[in-house]
Amino acid sequence: TWSCQGYADPGQDDKMISYMRRAPEIECDSDAHKPIQHLAYYLIAIWPLGSLLLYGSLLIPCYKPLHAKTPTALTRATAFLHGEYELTFYWWEALE
């Protein structure tokens, strides 16, 4: 969204035109570029909350099995989230 490549405007010697690197058919700062920027802002804003909710929804059900030291399918599947931490800090990956 913000990675644009500038080119000299063939009609005007001192003017530059910028196009997106990943979608060269879209001119930066044009009407077609605005929705892409809005989507990027939305995703940047929602990522911290979304990842916290997702990880939390996976780790909360793991609390009792982890403390009881009885592995379940969920605790084994989510070991990448809590495996590196001491038992009292199993939730830390959600906050990181």
Side-chain angles (χ1 to χ4, degrees):
T1 297
W2 295 282
S3 181
C4 295
Q5 177 68 44
Y7 299 96
D9 188 352
Q12 300 177 9
D13 293 334
D14 60 341
K15 187 176 178 191
M16 296 286 287
I17 298 177
S18 296
Y19 293 95
M20 291 182 61
R21 290 181 194 267
R22 291 288 184 154
E25 69 278 4
I26 299 174
E27 185 178 344
C28 294
D29 298 321
S30 68
D31 289 338
H33 189 238
K34 298 279 186 227
I36 297 169
Q37 282 182 314
H38 292 147
L39 177 63
Y41 289 132
Y42 172 75
L43 293 175
I44 288 170
I46 198 134
W47 175 256
L49 180 61
S51 63
L52 179 64
L53 290 174
L54 175 65
Y55 292 169
S57 67
L58 289 172
L59 289 173
I60 288 171
C62 293
Y63 177 80
K64 286 183 182 178
L66 286 173
H67 281 75
K69 296 186 182 185
T70 55
T72 63
L74 182 61
T75 58
R76 286 189 296 276
T78 58
F80 70 97
L81 291 174
H82 57 76
E84 298 177 4
Y85 300 101
E86 293 180 21
L87 188 57
T88 52
F89 300 109
Y90 81 101
W91 48 268
W92 189 251
E93 186 68 30
L95 295 179
E96 251 188 350

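Worth saying up front: this structure is predicted, and the values here are computed from it rather than measured.
- The environment of Tyr63 atom OH is sparse: at most 12 non-hydrogen atoms of other residues, nucleotides or ligands sit within 6.0 angstrom.
- At most 12 non-hydrogen atoms from other residues, nucleotides or ligands lie less than 6.0 angstrom from CD of Glu86.
- No more than 12 heavy atoms of other residues, nucleotides or ligands lie within 6.0 Å of CD in Glu84, so this atom counts as exposed by the packing criterion.
- Trp47 is not connected to Leu58 by any chain of hydrophobic side-chain contacts under 4.5 Å among Ile, Leu, Val, Met, Phe, Trp and Tyr, and they are in different clusters.
- In terms of hydrophobic clustering, with Ile, Leu, Val, Met, Phe, Trp and Tyr side chains grouped at heavy-atom distances under 4.5 Å, Ile46 and Leu39 are assigned to a common cluster.
- Pairing each heavy atom of Ser18 with each of Gly6, the nearest pair is OG-CA, 3.8 Å.
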**OP:** Any chance you could lay out the side chain to side chain contact (heavy atoms under 4.5 Å, CB included) test for Glu27 and His33, step after step, and finish with the verdict?
**Re:** CA-CA 7 Å; Glu27 185 178 344; His33 189 238; over 6 Å; no
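- Between the side chain of Thr78 and the main chain of Leu81, no donor-acceptor pair closer than 3.5 Å is present.
- Cys62 approaches Leu74 most closely through the heavy-atom pair SG-CG, 3.8 Å.
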**OP:** For side chain to side chain contact (heavy atoms under 4.5 Å, CB included), just list the numbers for Ile36 and Met20, CA-CA rounded to whole Å, side-chain angles, deciding distance to a tenth of an Å, and then say yes or no.
**Re:** CA-CA 11 Å; Ile36 297 169; Met20 291 182 61; 4.0 Å; yes
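- Connection of Phe89 to Leu52 is established within a shared hydrophobic cluster, with ILVMFWY side chains joined at heavy-atom distances below 4.5 Å, either directly or through further cluster members.
- In summary, the aromatic rings of Tyr42 and His38 are positioned with their centroids too far apart to meet the 6.0 Å limit.
- Listed for the His82 side chain is a donor-acceptor partner under 3.5 Å among the backbone atoms of Thr75.
- A donor-acceptor pair is defined here as one N or O able to donate and one able to accept, closer than 3.5 Å; such a pair exists between the side chain of Ser57 and the backbone of Leu53.
- Leu54 is connected to Tyr85 through a chain of hydrophobic side-chain contacts under 4.5 Å among Ile, Leu, Val, Met, Phe, Trp and Tyr, so both are in one cluster.
- Contact record, Gly56 with Pro61: O-CD, 4.3 Å, taken as the closest heavy-atom pair.
- Taking SG from Cys28 and CZ from Arg21, the interatomic distance works out to 9.0 Å, rounded to the nearest 0.5 Å.
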